[in-house]
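Working notes for the structure below.
No experiment lies behind these values; they were computed from the predicted model shown.
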Amino acid sequence: MKLTILGGGGFRVPLVYGALLGDRGEGRVTEVVLHDLDAGRLTAVTRVLAEQASQAEDAPVVTATTDLDEALRGADFIFSAIRVGGLEGRANDERVALAEGVLGQETVGAGGIAYGLRTVPVAVDIAQRVARLAPDAWVINFTNPAGLVTEAMSRHLGNRVIGICDSPVGLGRRIARVLGANPREAWIDYVGLNHLGWVRGLHIAGRDELPRLLADSELLGSFEEGKLFGVDWLQSLGAIPNEYLHYYYFNREAVRAYQQAEKTRGAFLHDQQARFYDEVGAPGAKALDVWDRTRAEREATYMSENRETAGAGERDADDLSGGYEKVALALMRAIARDERTTLILNVRNQSTLSVLDNDAVIEVPCLVDANGAHPVTVAPLPDHATGLVCAVKAVEREVLAAAGSGSRETAVKAFALHPLVDSVNVARRLVEGYREVHPGLAYLR
């Protein structure tokens, strides 16, 4: 089975390959094709993968190419993890937004809109090529903003594109762990949009254990989200929000922390990864060791500004292992082998949330089999969550409209309507600021 990874020179690719090395049995991936526009990054990541493969038996064969069409032909699965504009683009997204006093995070607020505006046209082109060159392939999208990009691609690929994210998985795992339960035996009642969802229940043997957690202040304050949001706020919500909702519930504090930080997250990662690729390219370098060390630093500093604002301290060691590669592998196995499972995924709404139309991509538990991912019926969201979901989905639709039409005014509308952008004039300045620093937004006229 052939897996093509778009963004194959990306830093997280060894996580995916490591998961593949542990997979055995029929229907497993035997060929991995890495595609990237940067040949140097491809070479560096290929070296890391070669060292991983040397420690395993019967490892999938790895090839690399800068030719997109070549990479897509004959693929059974296509993993999309591209970053249009690179980390320099992410750093610019943050800088332009923070100069206007609004959030520049890569998936939330102004930064997420800017990233979406330059990513959607590229993602649409990829989707059209897949439909032409590999019509039977399944596309697994991790490109951010994951929900928005998945929806853009679904207009050309239908249900054969599925978005994944490790945030809901990590959240469910932490809740189960603090309750003393096995995460594999838990049913997580989670619903929302990508990076905008809530756990409303966690069922073990048919019993919802979340009320027990919410009633125990000491237990509730003992894990990441309890420290990040505060016990009182979680008890008021009656749910456990995805960590990214910290940007909404504590927006002023988050913006101030990012403005005062020595470096933004994008700038930090830009410099860190530049060092990584330089080190891996040095003669005699142990590529896998360099990658492991860099990854540990990356995970430990994740959302550090938010945790500092909340006084949450350092991340627990158990939360440093990531997880999106496990979701991707479980999804591929379920489809390729008809190993039915339940995963929280980004898929078309169909009739799951009545407040959104059928084609809106949401993040929700899905039953997965050989025919793809099928969203599970869920209870309606409370009013406060419904309002936020509908507002952000409306912004995503304006981003898609702007990317399709090239309308600068529609792009302004997308920024202005976002709950974290508080002025039409700010929205106009953001569009102009982003057009100045991103050549990829020259299409907005």
TODO: Tell me, with the steps shown, if Ile5 and Val32 meet side chain to side chain contact (heavy atoms under 4.5 Å, CB included).
DONE: CA-CA 7 Å; Ile5 302 179; Val32 176; 4.0 Å; yes

Task: Pair Arg177 + Glu224, salt bridge at N-O below 4.0 Å - done: no

Task: Side-chain donor/acceptor of Thr341 to backbone N/O of Ala334, under 3.5 Å - done: no

Tell me which donor-acceptor pairs under 3.5 Å the side chains of residues 136-148 have, and how far apart each pair is, sequence neighbours excluded?
from, atom 1, to, atom 2, distance (Å)
Asn141, OD1, Thr143, N, 3.1
Asn141, OD1, Thr143, OG1, 3.4
Asn141, ND2, Thr143, O, 3.3
Asn141, ND2, Ala146, O, 3.4
Asn141, ND2, Thr150, OG1, 3.0
Thr143, OG1, Ser80, O, 3.2
Thr143, OG1, Ser80, OG, 3.2
Thr143, OG1, Ile82, N, 3.0
Asn144, OD1, Ala146, N, 3.4

TODO: Keeping the roles fixed (side chain from Arg118, backbone from Val84), state whether a donor-acceptor pair exists under 3.5 Å.
DONE: yes

Open item on the list: Donor-acceptor check, side chain of Tyr17 to backbone of Pro60, threshold 3.5 angstrom: yes or no?
Closed with: yes

Open item on the list: Assess whether a salt bridge exists between Lys393 and Glu398, defined as any Lys/Arg side-chain N lying under 4.0 Å from an Asp/Glu carboxylate O.
Closed with: no

TODO: Show the numbers, then the answer: is there a side chain to side chain contact (heavy atoms under 4.5 Å, CB included) between Glu243 and Leu171?
DONE: CA-CA 8 Å; Glu243 59 198 347; Leu171 174 55; over 6 Å; no

Open item on the list: If the threshold is 4.0 Å, N to carboxylate O, is there a salt bridge linking Glu209 and Arg207?
Closed with: yes

Task: Check ion pair Arg337-Asp23 (N to O, under 4.0 angstrom) - done: yes

- [ ] Check for a donor-acceptor pair, side chain of Asp369 on one end and backbone N or O of Arg340 on the other, with a separation under 3.5 Å.
- [x] no

Open item on the list: Using a strict threshold of under 4.0 Å (side-chain N to carboxylate O), is an ion pair present between Arg90 and Glu94?
Closed with: yes

Task: Separation between NE2 of His203 and CG of Leu210, rounded to the nearest 0.5 Å - done: 8.5 Å

Open item on the list: Just to verify, what does Tyr190 make a ring-ring contact (aromatic ring centres under 6.0 Å, His included) with, not counting sequence neighbours?
Closed with: none

TODO: Have a look at Leu388 and tell me which of Asp383, Leu381, Leu245 forms a side-chain contact (heavy atoms from CB on, under 4.5 Å) with it.
DONE: Leu245

Open item on the list: Nearest 0.5 Å, please: how far is CZ in Phe276 from CZ in Arg41?
Closed with: 9.0 Å

Open item on the list: Within this structure, what is the OH-NE2 distance for the pair Tyr115 and His438, rounded to the nearest 0.5 Å?
Closed with: 10.5 Å

Open item on the list: Rounded at 0.5 Å granularity, tell me how far CG in Asp76 sits from NZ in Lys2.
Closed with: 8.5 Å

Open item on the list: Donor-acceptor pair, distance only, cut-off 3.5 Å: does the side chain of Asn349 make one with the backbone of Ser351?
Closed with: no

Task: Pairing of Arg397 and Asp357 as salt bridge, 4.0 angstrom limit - done: yes

Open item on the list: If we ignore hydrogens and angles and just use 3.5 Å, is the side chain of Gln105 paired with the main-chain N or O of Val108 as donor and acceptor?
Closed with: yes

Open item on the list: Side chains of Glu297 and Gln272 only: does a donor on one sit below 3.5 Å from an acceptor on the other?
Closed with: yes

Task: Salt bridge present between Arg95 and Asp93 (N-O < 4.0 angstrom) - done: no

Open item on the list: Quick check for you: to the nearest 0.5 Å, what is the distance between Leu87 atom CG and His270 atom NE2?
Closed with: 7.0 Å

Open item on the list: Quick test of your reading of the model: are Arg212 and Asp216 salt-bridged, counting only N-O distances below 4.0 Å?
Closed with: no

Open item on the list: Donor-acceptor pair, distance only, cut-off 3.5 Å: does the side chain of Arg47 make one with the backbone of Val280?
Closed with: yes

Task: Spatial distance of atom CG (Leu34) from atom CG (Leu6) [nearest 0.5 Å] - done: 10.0 Å

